[in-house]
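Below is one structure, written out as structure tokens; comments come after it.
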Amino acid sequence: MEQLSVRDIHHVIAAARSFREISARSIKKVPTLRGKTIVNLFFEPSTRTRTSFEIAAKRMSADTFNIAASTSSATKGETLIDTARNIEAMNPDIIIIRHSCSGAPQLLARHIGASIINAGDGAHEHPSQGLLDIMTILDHKQDLAGLKIAIIGDIAHSRVAVSDILGFTKLGATVCVAGPATFIPAAVDQLGARVCGSVDEAIEDADVVMALRIQKERQNDPLIPSLREYSICYGINRRRLAKAKPDVLVMHPGPINRGVELSPDVADGPSSVILQQVNNGVAVRMALLYLVMGGEKSGDAQGDI
Amino acid sequence: MSELIILQNGRVIDPMNQTDAIADIWVEDGRIAAPQTTAPEGACRYDLAGRWVLPGLIDIHVHLREPGQEYKETIATGTMAAAAGGFTAVACMPNTRPVNDNAAVTRYILDKAADCVARVYPVGALSRDSQGLELAEYGEMKEAGVVALTDDGMPVADSQLMRRAMEYASSHGMPVISHSEELSLSRNGSMNEGAVSTRLGLRGIPTAAESIMVYREIALAELTGARVHIAHVSCEASLALIRLAKQRGVKITAETAPHYFALTDAAVDGYNTHAKMNPPLRSEADRLAIRAALADGTLDAIATDHAPHSVLEKDVEFNYAANGIVGLETSLPLALSLVHDGIITAGRMVDLMSCAPARILGVPGGRLAPGDPADITVVDPDRPFVFAAGESRSKGRNTPFDGWQFRGKAVLTIMNGRVTFNDL
Ligand SMILES: [Zn+2]
Ligand SMILES: [Zn+2]
């Protein structure tokens, strides 16, 4: 998301909108990427994102291969590069990579000729999620400029947060983040986000409320005492949401811990656009595959997104 | 009459003798000799007009990797890089395989170093196998040639062990060198904590991980009266503590490495593993504080923390990449940039890179008096120099300074009366 200009973002979303129409047809397949080989290289289990990319590729008639690699091996670094070299033998056109290490897609790009799509790297970025979030908001709002978007939860360990903050602010939204201080990363204001002292402050008059998934503990690092307390102090319920604008959109990158980040009535309530996010995910990923494959000869030579 | 070398017309900068003047230096039989009115036939003369003649530079923090990791560096290649960088002596850290925690390993290192082009002063392990549990045998190691003690790279978590190490080391007249790092704060971190780590999604290491331990060492040095030396200070928070401790008369000295006054964590951008080291590159405010502390005396020495790694350890995911960079051939050019920038004087640079290092480790050197071993570094302060990592004498290519343009470098290095590097 950091590399994308405002024009690029609108370009992807325009393409995604046209591909979304395909998903609504009875025959959900176009021959756009026939004969192209796409490798899903997932070093981290993520059924949702992998499936979304896989559906996107299949709808465009590409040949897809899923490779679930392990990062637990002792020779960690060699694994990525060795795996990459082995995959290169398959002559793929696009490699979609998910990795627990930030920067892994860049490392892969230095060692391999195929185009690389980042499906999430460490706590760095998850650009396709950021794009589908923008698309979902634009389905309901004219423009992101001038909107107040609250992002609540574990900002520090979330790749979605970085991509969302960068993307939303590029398009002119004001992004307010809130959560316990253990979840707020150092100097996040320099990414363009405003840190709020409370969830209520962040939600007040918000046009969009995005809740992020909570994990209680990461790498022996105690972050919150319990999910129970988190839901009481930081969870988004109907009472808290009442402070937002009446036409607020409630979003979540999934999977939701129901009753933790969002109370069930909010998650399934009228403001929720969570299912549209999933739907738009396939369309955005189709657009990315199409554009990376030269749907238009723009962007950098590698086509890295 | 044996070999005589005459260094003519250079600017001799010798702070310990309060000398900064154009003068000749004579070298005879490996020692500095008083210049005579007439020189015998056959003397080897170097006209050093426009060059600086300094007491040999000493780098008190290098990793030579031998024994055990000769694919990264050997004592021979590391000392060649040292000579090319203007160093006549280096102190090598004990984290070899096996760890230099006993006299046999110390003797092995000194044996290998005997015909190398720089003096090698082994630093012994503070604890057995650097495991942080039991004291190593300082007496025997000192007898074999160890000059200081540290568990560099394996920070000592147990404060009681650190206390005993300081006490026991002081009984043997040696300083303890502290790699100050509170592991519970730095755990899983791979770069400085700040805006860059947030943007790159890398787990940060706060400066408090360093300063907390610096304060512990100060408290223990006060408690024990022992001499402690803080390795590779990277941040302003540590400097403030060291400054106050020195004002109280605590026997503490400290070094920084060139990368901490030359670079910030912005160098990590693009997941550049050649900008990954421990402690990590810090903020611009920290970098400026380091520069000021080199000038005001809070920092005593510049040492490289030369840490060669192979491409196997560096061309990997940032999280998994090894810490450390090579530094022997870029240390002096980077220090000269401080002189050119008016941050420090040439004399102060000599103090930071020669006099203080000798003083801290209690080894010879740091001055150019008749009778001293002839360890001399000749510097051309204005020679344009592009550092090419691929041409380094070190086996390590892991440097963020590849391709940097410098002004000034070492052009002649003499160790024990012998020319070990000549680029005049
Ligand atoms: Zn260290
Ligand atoms: Zn070191």
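Here is how names work: the chains are called A, B, and so on, in the same order as the sequence lines, proteins then strands, and each is numbered from 1.
By the neighbour-count criterion of 12 heavy atoms within 6.0 Å, atom CD of B/Glu391 is sparsely surrounded, having that number or fewer from other residues, nucleotides or ligands. Within a 6.0 Å radius of CZ in B/Phe387, more than 12 heavy atoms belonging to other residues, nucleotides or ligands are found.
Residues B/Asp315 and A/His111 are in side-chain contact: their nearest non-hydrogen atoms beyond the backbone lie under 4.5 Å apart.
Going from atom CD of A/Gln106 over to atom CG of B/Leu200 covers 8.5 Å, rounded to the nearest 0.5 Å. Atom CD1 in A/Ile81 sits 7.0 Å away from atom CD in B/Glu317 (nearest 0.5 Å). The distance from the CZ atom of B/Phe318 to the NE2 atom of A/His124 is 12.5 Å, given to the nearest 0.5 Å. The OG1 atom of B/Thr198 lies 11.0 Å from the CD1 atom of A/Ile155; values are rounded to the nearest 0.5 Å. Between atom CG of residue A/Leu166 and atom CZ of residue B/Arg199 there is a gap of 8.5 Å, rounded to the nearest 0.5 Å.
In plain terms, the two heavy atoms of A/Ser100 and B/Tyr320 that are nearest each other are OG-OH, 4.2 Å. For the pair A/Ala186 and B/Glu193, the tightest heavy-atom approach, listed with the atom from each and the gap, is CB-CG, 3.6 Å. Here the closest non-hydrogen pair linking A/Gln190 and B/Ala195 is OE1-CB, 3.2 Å. In terms of heavy atoms, B/Gly201 sits closest to A/Ser102 at O-OG, 2.5 Å.
Heavy-atom distances place the side chain of A/Asp121, and not its backbone, under 4.5 Å from chain B. Interface remark: B/Ser197 contributes no atoms to any contact with chain A (heavy atom separation under 4.5 Å). Looking at A/Glu2, only its side chain comes within 4.5 Å of chain B, counting heavy atoms on both sides.
Here A/Ala123 is the residue among A/Ala123, A/Ala104, A/Ala161 with the most heavy-atom pairs under 4.5 Å with chain B.
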